[in-house]
Amino acid sequence: MWPRTSEERARNRNTGFVCFMTRKDAEDAFDAYCDADVFDNGRRIVLRWGKNVKKTVKFGVGVPSNMRKKPRAGTTTEKDYLSIETKQPTAYSLEENKAKAIQLNNSLKCGIRVYDHVKHSDDAIVVTAPADSRRLKFISTVASFVAKDGSLLEQKLIQAESSNPDFQFLSHGEGDVEKMAEHIYYRWRVYSFCQGDGENLWRTEPFLMIEPYGRWWIPPPLNAEAAHMEEEADRAAAQEERRSLAQKKEFSTGREMERAKFSRGELKLNDWEKERFDELLRKNLCASQESICDAMSFAFEKSGAAREISALLKESLLEQDGGISADTRIARLFLLSDILFNSQQPGVKNAFQYRDAIEKMSPEIFESLGRHGNGRAGRIVMAKLKR
């Protein structure tokens, strides 16, 4: 974080850099917090794209050593196979080397690779989901972040939350059956997320987490309804992603996409910005120059969202609520007129989007003004609107 020196502090500006593990997370954060008053202190956060940083994370957290199955006496381990292979470095012909390679591969594949319920059920690790739905959701969420960000996150959680009972599942919990069951479930969830399984949709066949001599793991059964819903949601998300990629294929970087969205006025106001514009338009706006100038300044500051702001302004002008006075309609017309006039000035970013939008909605707006009060408005009121 900056500032770090007295000279930087004198600039009265705080800056920092945030690195995300995936591009999608960075884009979501950018869309949510760019130009927003997150701390509600009147100071908006300005976000810009930085340089890409190489990601170095150790993936794979394994299983505790006391849960690993040791090779039976008299069996040959993978290390033994490698040592056997290197004893005769150059004495074989090409055909003999190929035959030995096939034999070695078959040797590693043979043995306990196929699950046999009679032989392996007594030694298998049966994963049991926690009965408490809140606990189940919590452990699964932590496991998803560990699978995504690596074992470094797990180690930091163990250090930071060592005294927190909610995180006791991170340790083995030896002697406590419930804690051990939660730890086994957590370890399996990390592994399943790493293999691409979903929150409610995973592979249920037994598997070896450590090959070739690890113990068999038996996942818990699926909730058929939840699994079907997640499968449908994944299919819909994949289709949406394909459509999105088809629209973005002409852009090579996130910055280019951002500029294209801004130039087309396709950016969206966040919740705080919508509330602010609604306050300026419906609560503060009157015939005074100051209130009209405040609303117009907001519109041009957020010109990247010109289409959405134009739609909100149109909606306010088309309202036929009996509580809206002629003076309020006139004030909104003044705002529309000022935005239209200044949209032609040089140096105003994306202002032409307002001009195009106002041109399209003008006929409907003026027809609505003619129906003010549903025909019950007096002669003086209608004369005001005509002027």
Side-chain angles (χ1 to χ4, degrees), residues 18-36 38 47 49 52 55 57 59 127 129-130 132-150 153 185-186 188-205 207 217 219-275 302 304-312 315 353:
V18 180
C19 181
F20 289 83
M21 298 296 292
T22 63
R23 177 77 185 193
K24 186 179 183 303
D25 290 346
E27 289 176 350
D28 290 344
F30 190 98
D31 293 340
Y33 295 110
C34 184
D35 210 19
V38 178
L47 301 181
W49 291 105
N52 187 27
K55 179 171 62 176
V57 179
F59 286 93
V127 181
D132 184 359
S133 59
R134 187 197 68 84
R135 190 68 176 160
L136 176 72
K137 180 68 175 177
F138 180 75
I139 296 176
S140 298
T141 302
V142 174
S144 67
F145 282 107
V146 172
K148 180 179 177 183
D149 297 334
L153 173 62
Y185 175 79
Y186 160 74
W188 164 75
R189 279 272 64 182
V190 173
Y191 180 85
S192 68
F193 282 130
C194 288
Q195 303 304 311
D197 291 343
E199 185 76 24
N200 299 302
L201 185 62
W202 56 78
R203 283 160 281 196
T204 56
E205 62 271 11
F207 65 92
W217 288 66
L222 288 173
N223 182 325
E225 183 178 356
H228 177 71
M229 292 177 61
E230 181 169 330
E231 187 175 10
E232 292 295 326
D234 289 345
R235 187 179 295 110
Q239 292 175 353
E240 180 63 29
E241 185 177 4
R242 284 195 294 270
R243 285 194 294 266
S244 178
L245 288 175
Q247 295 173 357
K248 297 178 180 178
K249 61 183 178 182
E250 66 270 21
F251 308 117
S252 58
T253 65
R255 185 60 176 166
E256 289 180 2
M257 286 188 285
E258 179 192 356
R259 287 174 178 169
K261 283 183 179 179
F262 188 90
S263 65
R264 294 195 295 260
E266 293 178 352
L267 297 181
K268 298 294 183 182
L269 299 176
N270 59 34
D271 293 339
W272 178 86
E273 292 165 346
K274 288 179 181 178
E275 291 177 5
K302 305 297 180 184
R307 294 188 180 182
E308 184 176 7
I309 292 174
S310 298
L312 293 173
E315 180 184 343
Q353 293 287 351

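Numbers for residues simply follow the sequence, beginning at 1.
- Val146 places a side-chain heavy atom less than 4.5 Å from the side chain of Tyr186.
- Between Ala129 and Pro220, the closest heavy-atom pair is N-CB, 4.5 Å.
- With a 6.0 Å radius and a threshold of 12 heavy atoms from other residues, nucleotides or ligands, Gln239 has its CD atom above the threshold.
- When all heavy atoms of Pro130 and Leu136 are compared, the pair lying nearest together is CD-CD1, 3.6 Å.
- Contact between Ala32 and Asn270 at its shortest, heavy atoms only, is O-ND2, 4.2 Å.
- Every residue meeting the ring pair (Phe, Tyr, Trp, His ring centres under 6.0 Å) condition with Tyr185, not counting sequence neighbours, appears here in chain and number order: Trp188.
- Of all heavy-atom pairs between Ala143 and Phe193, the closest is C-CD1, 3.9 Å.
- Rounding to the nearest 0.5 Å places NZ of Lys274 at 7.5 Å from CG of Leu312.
- Salt-bridge formation is detected for the pair Asp35/Lys302: a Lys NZ or Arg NE/NH1/NH2 atom is positioned less than 4.0 Å from an Asp or Glu carboxylate oxygen.
- One distance of note links CD of Glu27 with OG1 of Thr22; it measures 9.0 Å at 0.5 Å rounding.
- Leu201 contributes atom CG, which lies 10.5 Å from atom OG of Ser192 (distance to the nearest 0.5 angstrom).
- Rounding to the nearest 0.5 angstrom, the gap separating the CZ atom in Arg189 from the OG1 atom in Thr141 is 10.0 Å.
- Here the side chains of Glu230 and Leu222 are not in contact, with every heavy-atom distance at 4.5 Å or above.
- Rounding to the nearest 0.5 Å places CG of Asn223 at 7.0 Å from CG of Asn200.
- No more than 12 heavy atoms of other residues, nucleotides or ligands lie within 6.0 Å of OH in Tyr33, so this atom counts as exposed by the packing criterion.
- Cation-pi geometry between Arg23 and Trp49 is satisfied (NZ or CZ under 6.0 Å from the ring centre, within 45° of the ring normal).
- The environment of Phe207 atom CZ is dense: over 12 non-hydrogen atoms of other residues, nucleotides or ligands sit within 6.0 angstrom.
- Glu232 has a carboxylate O that lies under 4.0 Å from a charged side-chain N of Arg235, or vice versa, which qualifies the two as a salt bridge.
- By the 4.5 Å heavy-atom criterion applied to side chains, Glu273 and Lys268 are not counted as neighbours.
- Between Cys34 and Leu47, the closest heavy-atom pair is N-CD1, 3.6 Å.
- Put simply, CD1 on Ile139 and CZ on Arg134 are 9.0 Å apart, with the number rounded to the nearest 0.5 Å.
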